Novice: 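This is the structure I want to talk about, given as structure tokens.
When reading the values below, keep in mind they use all heavy atoms of this one structure, side chains included, and skip hydrogens, waters and symmetry mates. These numbers come from a predicted model, not from an experiment. In what follows, every chain begins at residue 1, and chains take the letters A, B, ... in the order their sequences are listed.
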Protein chains: 2
Amino acid sequence: MNKNIFSQIYSDYTQRIETGLLKTGIKLPSENEIAEEYATSRETVRKALHLLSQNGYIHKIRGKGSFVLDMNRMEFPLSGLVSFKELSERLGRTVQTLVHETALVPSTQSIARQLKIAEGEPVWKVVRAREIEGEKVILDKDYFLASVIPVLNEDTARDSIYAYLEGELSLKIAYAKKEISVEKVSEEDRRLLDLARDTHIVIVRNYVYLEDTTLFQYTESRHRLDKFQFVDFARRNPGEE
Amino acid sequence: MNKNIFSQIYSDYTQRIETGLLKTGIKLPSENEIAEEYATSRETVRKALHLLSQNGYIHKIRGKGSFVLDMNRMEFPLSGLVSFKELSERLGRTVQTLVHETALVPSTQSIARQLKIAEGEPVWKVVRAREIEGEKVILDKDYFLASVIPVLNEDTARDSIYAYLEGELSLKIAYAKKEISVEKVSEEDRRLLDLARDTHIVIVRNYVYLEDTTLFQYTESRHRLDKFQFVDFARRNPGEE
DNA sequence: CAGTGGTCTAGACCACCAT
DNA sequence: TGGTGGTCTAGACCACTGT
């Protein structure tokens with residue numbers, strides 16, 4: 001797929017680790033051996049192994065080697081930039097998406113502030129409820145810059161907007177900022193989700209940026225308390241000690 | 001401090017960005033210029049810039065240059081491996097720590113499972129309530145492998161255990177796994193925190209590993225709903241597209 | 001001691017952006 | 001066209017681990 005040697009090595013190993021072909025604790029071949037195997041230089045191999053290490057797949061120990069970590073990678077509900085569709089496939093659960101709204105609307109004051117645009121500038125508003133095993137537990141409210149996305153219909157909203165953006169529009173998503181907090185349930189939450197007597201709801205605010213640093217999407221993902229989980233892997237940085 | 005050239009460059013720039021000396025949107029010198037400035041090779045500079053990019057300080061654009069990002073770095077309450085003490089200093093708030101317990105105890109079944117040790121193996125148990133602006137809103141329950149930490153007294157618990165571990169014991173913390181969820185409040189929560197009529201509480205479970213992949217600490221950080229916030233920065237990986 | 005990963009070099013070629 | 005970052009090379013030396 002990707003012609004870069006280092007990302008080929010990276011995905012070869014992520015695959016082997018995710019499928020269980022390489023199990024927890026297993027020692028990888030040495031950097032020199034992998035370099036020889038791929039007929040490349042050691043620095044290129046190191047680039048791939050560094051990425052594996054950053055993402056919690058392996059841990060490198062000087063003088064010893066690189067070892068596969070056990071990070072329960074199957075349950076990464078919100079880490080990184082993975083979309084709901086990809087997630088539900090990974091989890092293999094009975095999930096369904098109910099699209100409540102797909103419309104091109106002028107941005108409200110609140111949304112304009114989140115997306116750092118002028119009030120009234122057009123945005124695509126998409127409201128979707130996520131049903132897991134028969135219960136509506138997540139409410140996703142997405143807002144996309146209309147200047148970046150020409151058309152958006154309900155079918156793509158039900159399927160995967162990200163596949164459409166990256167596939168057909170070939171928009172390049174670069175990075176995102178996520179904020180998690182807990183707030184009081186709104187009237188809309190009560191109407192569109194199965195909440196019983198809940199008083200609070202987890203809110204994940206997601207700001208997504210393109211390669212050219214344009215902020216093009218703001219998402220508010222509202223999760224019922226008992227169905228929320230977030231997993232994060234972090235490494236100690238050089239500057240922090 | 002650190003004799004590595006790349007981490008020197010890294011911390012030079014994190015400092016300049018954090019202090020506002022380099023503001024959002026500013027273009028960094030080109031990689032060749034920085035290399036010349038530090039009398040080093042371009043690949044070494046690239047290593048530093050890559051780290052800056054991974055941690056949300058800058059964004060690199062091919063053909064254009066590297067630019068400082070605005071990631072509101074002052075409010076990173078839980079990202080990475082930063083400790084409460086470091087945080088409170090950064091936030092500059094009125095914070096206080098109440099140590100409720102500092103004891104060497106045999107591990108219970110539950111704790112033994114979390115730390116993957118045999119039931120009964122000795123662990124240091126530290127229970128601390130965190131008071132922010134007069135309200136007790138966070139309850140931290142730490143468990144450390146006693147085989148790794150010989151002594152631990154209440155003074156270090158009140159100050160910073162991490163400074164003690166990394167400074168005096170020179171333990172090297174390598175990575176951590178964090179899990180965030182929301183659960184029902186416990187009787188202990190009610191006793192040690194200012195909760196009013198809250199029914200739920202945010203729980204951050206933190207598993208901390210050393211350089212040799214030993215799991216040596218398990219922490220349960222229990223946050224009052226309204227005082228909890230988590231911020232995360234994520235980049236798109238090569239394998240994900 | 002040989003083998004491992006960690007850092008660094010001085011080049012090279014490519015893809016993209018501005019002019 | 002010249003400048004930028006992205007990838008890659010073929011070496012070098014160092015720090016650490018094992019035997």
Side-chain angles (χ1 to χ4, degrees), chain A residues 1-11 13 25-54 57-69 170 172 174-175 210-214 235-239 241, chain B residues 1-11 13 25-54 57-69 170 172 174-175 210-214 235-239 241:
Chain A
M1 193 73 77
N2 211 321
K3 61 145 91 101
N4 295 338
I5 303 175
F6 87 90
S7 58
Q8 185 58 56
I9 301 177
Y10 174 78
S11 43
Y13 277 95
I26 288 281
K27 181 170 172 287
L28 264 50
S30 78
E31 295 176 350
N32 283 315
E33 285 169 343
I34 298 178
E36 200 172 351
E37 187 187 337
Y38 284 86
T40 185
S41 70
R42 198 183 137 215
E43 279 293 353
T44 299
V45 173
R46 283 181 56 70
K47 208 162 160 184
L49 295 193
H50 176 75
L51 241 185
L52 289 169
S53 151
Q54 280 300 316
Y57 286 95
I58 65 170
H59 182 62
K60 311 173 81 180
I61 305 180
R62 196 206 301 241
K64 286 192 177 175
S66 300
F67 302 86
V68 177
L69 287 184
S170 68
K172 280 174 193 161
Y175 55 93
L210 299 178
E211 282 293 347
D212 62 357
T213 75
T214 327
R235 279 193 176 274
R236 199 82 171 159
N237 278 329
E241 37 179 353
Chain B
M1 193 74 75
N2 210 323
K3 61 146 87 102
N4 294 339
I5 302 175
F6 87 90
S7 57
Q8 185 57 55
I9 301 177
Y10 174 77
S11 43
Y13 277 96
I26 289 280
K27 180 170 172 291
L28 264 50
S30 78
E31 295 176 348
N32 282 315
E33 285 168 344
I34 298 177
E36 201 172 350
E37 187 186 338
Y38 283 85
T40 186
S41 70
R42 196 182 139 217
E43 279 293 353
T44 299
V45 173
R46 284 181 55 71
K47 209 164 161 182
L49 295 193
H50 176 74
L51 242 184
L52 289 168
S53 150
Q54 281 300 316
Y57 286 95
I58 66 169
H59 182 62
K60 313 173 79 178
I61 305 180
R62 193 205 302 238
K64 285 193 178 174
S66 300
F67 302 87
V68 177
L69 287 184
S170 67
K172 280 176 192 159
Y175 56 93
L210 300 178
E211 283 292 348
D212 62 357
T213 74
T214 328
R235 278 193 177 275
R236 199 83 170 159
N237 278 329
E241 39 179 351

Novice: Within the 4.0 Å heavy-atom criterion, would you say A/I5 contacts the bases, only the backbone, or no part of the nucleic acid?
Specialist: sugar-phosphate
Novice: How close or far is atom P of C/dA18 from atom CD1 of B/I61, stated in whole angstroms?
Specialist: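 Answer to the nearest Å: 9 Å.
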Novice: Do A/L210 and A/K172 have side-chain heavy atoms sitting under 4.5 Å apart?
Specialist: no
Novice: Does the plane of the ring in B/Y175 sit parallel, tilted or perpendicular to the ring in A/H59? Use 30° and 60° as the thresholds.
Specialist: tilted
Novice: OP1 or OP2 of D/dT9 versus the side-chain N and O atoms of A/T40: is any pair under 4.0 Å?
Specialist: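 So the side chain of A/T40 is within the cut-off, an N or O lying under 4.0 Å from OP1 or OP2 of D/dT9.
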Novice: Side-chain N or O of A/S41 less than 4.0 angstrom from OP1 or OP2 on D/dG11?
Specialist: no
Novice: Can you tell me if A/S53 uses its side chain to pair, donor with acceptor, with the backbone of A/L49 under 3.5 Å?
Specialist: no
Novice: Give a yes or no answer on whether the side chain of B/D212 reaches the backbone of B/T214 with a donor-acceptor pair at less than 3.5 Å.
Specialist: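 Flag set: sc B/D212 to bb B/T214 pair under 3.5 Å.
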Novice: Within the pair B/S30 and D/dT4, is there a side-chain N or O less than 4.0 Å away from OP1 or OP2?
Specialist: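 For D/dT4, OP1/OP2 do have a side-chain N/O of B/S30 under 4.0 Å.
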Novice: Tell me, yes or no, whether the heavy-atom count around B/E37 atom CD, taken from other residues, nucleotides or ligands under 6.0 Å, exceeds 12.
Specialist: yes
Novice: Just N and O in the side chain of A/S66: are any of them under 4.0 Å from OP1 or OP2 of C/dT4?
Specialist: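 Indeed not, no polar side-chain atom of A/S66 lies that close.
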Novice: According to a 3.5 Å limit on both distances, what stems of 3 or more consecutive Watson-Crick or G-U pairs are formed with DNA chain D?
Specialist: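 So far as stems of 3 or more pairs are concerned, DNA chain D shows C:2-18 with D:1-17.
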Novice: Between B/K60 and D/dT4, is there a side-chain N or O to OP1/OP2 distance below 4.0 Å?
Specialist: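 Negative; the distance criterion is not met.
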Novice: Just to confirm, is there a sub-4.0 Å distance from OP1 or OP2 of C/dA10 to any side-chain nitrogen or oxygen of B/R42?
Specialist: no
Novice: Provide, to the nearest angstrom, the distance between the CD atom belonging to B/E31 and the P atom belonging to C/dT9.
Specialist: 14 Å
Novice: How many angstroms lie between OG1 in B/T213 and NZ in A/K64, if you round to the nearest 0.5 Å?
Specialist: 8.0 Å
Novice: Let me spell it out: for each of B/R62 and A/R62, pick the nucleotide of DNA chain D with the closest heavy atom. Which residue's pick is nearer the 5' end?
Specialist: B/R62
Novice: Hey, which sits more toward the 5' end of DNA chain C by its nearest nucleotide, A/K64 or A/E43?
Specialist: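 Its nucleotide being nearer the 5' end, the pick is A/K64.
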Novice: D/dT7 phosphate, OP1 or OP2: any side-chain N/O from A/T44 under 4.0 angstrom?
Specialist: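 Looking at the OP1 and OP2 atoms of D/dT7, neither is under 4.0 Å from any side-chain N or O of A/T44.
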Novice: Measure the spacing between OG1 of A/T44 and CD1 of A/I9 and express it to the nearest 0.5 Å.
Specialist: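 It comes to 7.0 Å.
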